[in-house]
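These notes concern the structure reproduced below.
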Amino acid sequence: MKIRTINQQINKIKKINSFSIALIITSQFIAYVLNLYYGISGGVASKIIIGSAMISILAALILKIKIVVKLRSLLLICFIILCFFYSFIISSGDFTEQYFIEFIGTGVLTFVVMLIPFDQKKVLVNVMRVGMLFILKPFQFVSQSLMNIGYDRMDMFASYLVVIILSASVLHLVYYHERKIENYILYSNGFFILISTITVLGRGPLLVLLLTIFVAFLLRDIYKASSLKSNNFKLKKFIKYIVIMVIGLLIMLYIHKILIIISSILNYLDIEVATITKSLILIDQNNGVMGILNNRNYRWEWAFDMIKDHPFFGNGIGEYANVYNTWPHNLFLQMFVEFGFFLMMPLVVSAVRNIYILFNKNINNENMILFLFLFLISVPRLFFSSYYWHLSEFWMFIFLGLGYFKMSTQVNSEKSIAKIIDKKKSILLRNKN
């Protein structure tokens, strides 16, 4: 009876916390929709994040759920906070304080929430459920998000918010595809969002969406193959990655010609895709393919200049923004500028290790799908846009990965215990016979 009660409590907290995590991931989407449709504003996203975290923490306390603090994650949190204190000493700009406040909300609260049990599949479903807000006023969402730039293109911020919902739908459909009426409704909503926004999405968000679709099928095939334990699996995986790299390199080399061909075909069909239109405009205006970067190369040069000044211990968190009133538009460059070579290592090692786990470890679907989702909606975006201090999904990716080997050890130990029990049972049966 006691075991049954404990299981019921764990299931309750999993439902609550899975919903909280989904709300945190979609907090900016909810805030954007409420502001767009009903004029509700004033730190809505922050209130959703704080409120969701508090609900999960209170529920865990009421249900007396045992929370195990993952030491690696705790050490990383403490290290980053110490780096902030160091930055307050060497830097005096407002962005250092802003990043610190954002990290407390998106990093520290996320760290606490990820300690509480949750169901990864339910998180994805809840993200898709939040996406149903789109259909309240879909045409208003698209029309009011368009930028006045001579052709139809959604604001980059709105585009990324839409892609979060679409990515959740793609991954759930590819990996789970449970035959439930609700799921088909959620998939239909995702498809409706896709056809409503596909031609007006920004370049980065569209790239993230295409990457989501590609990686979802790629990893599904790889994990299927690995489950068969075929002898030539590693060779096949290596060849597949090499082929992908070669194709990617060819696309980069001939991107201008490829875009012109695609644009010609779409023009013939009387279809305009904002991503292609903007890319061609930028290439033509800057007399070369480098124009496609939309001046990001200058931001990267500024980052390199700051790295040269303080290569080992960095310029301090937020100092790039204090100087240039923007960010480097690259995850690792920003880390290098702010932390320096030595201080950036814990963050870089955590991020790279997580990416290695994602693409090389044979983890089951339950452990992998949310991990993959968080990676896709945060890391590719941070390579060319935005900054990591305010992205809760990036910190979730980091903390979920840091707890991975602990989960694996637990699973392996459970399997070992099960084997021992089976062995003892077989010995007892033999003795009886």
Side-chain angles (χ1 to χ4, degrees), residues 25 120-121 123-125 127-128 160 162-178 183 186-187 190-191 193-194 198 201 203-255 258 262 275 331-332 350-385 393-394 396-398 400-401 404-405 407-408:
I25 293 170
Q120 300 200 32
K121 191 193 297 185
V123 173
L124 278 183
V125 171
V127 169
M128 292 193 292
Y160 274 116
V162 164
V163 166
I164 289 174
I165 309 301
L166 292 175
S167 297
S169 302
V170 168
L171 292 175
H172 194 280
L173 177 63
V174 170
Y175 284 97
Y176 298 122
H177 193 201
E178 296 169 325
N183 287 339
L186 295 174
Y187 297 151
F191 181 71
I193 294 173
L194 178 64
I198 188 67
L201 287 175
R203 295 181 304 157
L206 185 58
L207 182 64
V208 169
L209 179 59
L210 293 174
L211 189 66
T212 299
I213 295 167
F214 175 74
V215 172
F217 283 101
L218 172 71
L219 287 190
R220 187 182 70 168
D221 292 341
I222 284 175
Y223 286 112
K224 272 186 178 179
S226 65
S227 65
L228 297 174
K229 296 181 180 178
S230 53
N231 294 327
N232 59 349
F233 164 66
K234 287 185 179 179
L235 179 61
K236 282 183 178 178
K237 185 170 74 168
F238 178 74
I239 292 169
K240 186 174 277 192
Y241 284 158
I242 291 295
V243 169
I244 290 166
M245 288 172 66
V246 170
I247 292 171
L249 183 61
L250 290 172
I251 290 171
M252 287 173 64
L253 290 172
Y254 297 101
I255 186 67
I258 292 168
I262 296 172
T275 295
L331 172 65
F332 292 116
S350 298
V352 172
R353 171 183 171 275
N354 286 2
I355 295 169
Y356 173 79
I357 290 170
L358 191 60
F359 288 91
N360 289 280
K361 292 291 180 182
N362 296 334
I363 51 181
N364 61 48
N365 283 357
E366 289 299 317
N367 290 334
M368 191 261 284
I369 307 305
L370 180 62
F371 196 33
L372 176 60
F373 172 63
L374 295 170
F375 166 77
L376 288 168
I377 63 174
S378 62
V379 176
R381 176 181 179 181
L382 289 170
F383 266 98
F384 298 101
S385 180
E393 47 267 39
F394 172 73
M396 285 183 183
F397 171 68
I398 293 295
L400 186 59
Y404 167 70
F405 283 118
M407 288 191 291
S408 296

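Residue indices begin at 1 and follow the sequence shown.
- Atom-to-atom distance recorded for Leu370:CG and Phe375:CZ is 14.0 Å, nearest 0.5 angstrom.
- Contact detail for Met128 and Leu186: the closest heavy-atom pair is O-CD2, 3.7 Å.
- Considering Leu124, Val170, Ile369 in turn, Ile369 is the only one that fulfils the side-chain contact (heavy atoms from CB on, under 4.5 Å) rule with Tyr175.
- Of all heavy-atom pairs spanning Gly190 and Leu166, the tightest one is O-CD2, 3.1 Å.
- Using a 4.5 Å heavy-atom threshold, the side chains of Leu374 and Leu400 count as touching.
- At most 12 heavy atoms of other shown residues, nucleotides or ligands fall within 6.0 angstrom of atom OH in Tyr254.
- Taken to the nearest 0.5 Å, the CG atom of Leu194 stands 8.0 Å off from the CG atom of Leu201.
- Ala216 and Leu171 make their closest contact through CB-CD2, 3.7 Å (heavy atoms, listed as atom of the first residue, atom of the second, distance).
- Looking at every heavy atom in both residues, Val163 comes nearest to Pro205 through CG2-O, 3.4 Å.
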task: For Ile357 and Phe371, run side-chain contact (heavy atoms from CB on, under 4.5 Å): C-alpha distance rounded to whole Å, both residues' side-chain angles, the deciding distance at 0.1 Å, then the answer.
output: CA-CA 10 Å; Ile357 290 170; Phe371 196 33; 3.8 Å; yes
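- Residues Leu206 and Ile198 are in side-chain contact: their nearest non-hydrogen atoms beyond the backbone lie under 4.5 Å apart.
- Distance CD1/Ile165 to CD1/Ile25: 9.5 Å, rounded to 0.5 Å.
- A distance-only check finds no donor-acceptor pair linking the side chain of Ser385 to the backbone of Arg381 [under 3.5 Å].
- In this structure, the side chains of Val352 and Tyr356 stay at 4.5 Å or more apart for every pair of heavy atoms.
- Atom OH of residue Tyr160 and atom CD1 of residue Ile377 lie 12.0 Å apart, to the nearest 0.5 angstrom.
- Distance CG/Leu209 to OG1/Thr212: 6.0 Å, rounded to 0.5 Å.
- Phe397 and Phe373 have their aromatic ring centers separated by at least 6.0 angstrom.
- What you find for Tyr187 and His172 is that their closest heavy atoms are OH-ND1, 2.7 Å.
- A 4.5 Å side-chain heavy-atom check between Leu331 and Phe394 finds at least one atom pair inside the cut-off.
- The shortest heavy-atom contact between Gly401 and Arg353 is O-NH1, 3.1 Å.
- Counting only distance, with no hydrogens or angles, the side chain of Ser169 and the backbone of Phe191 share no donor-acceptor pair below 3.5 Å.
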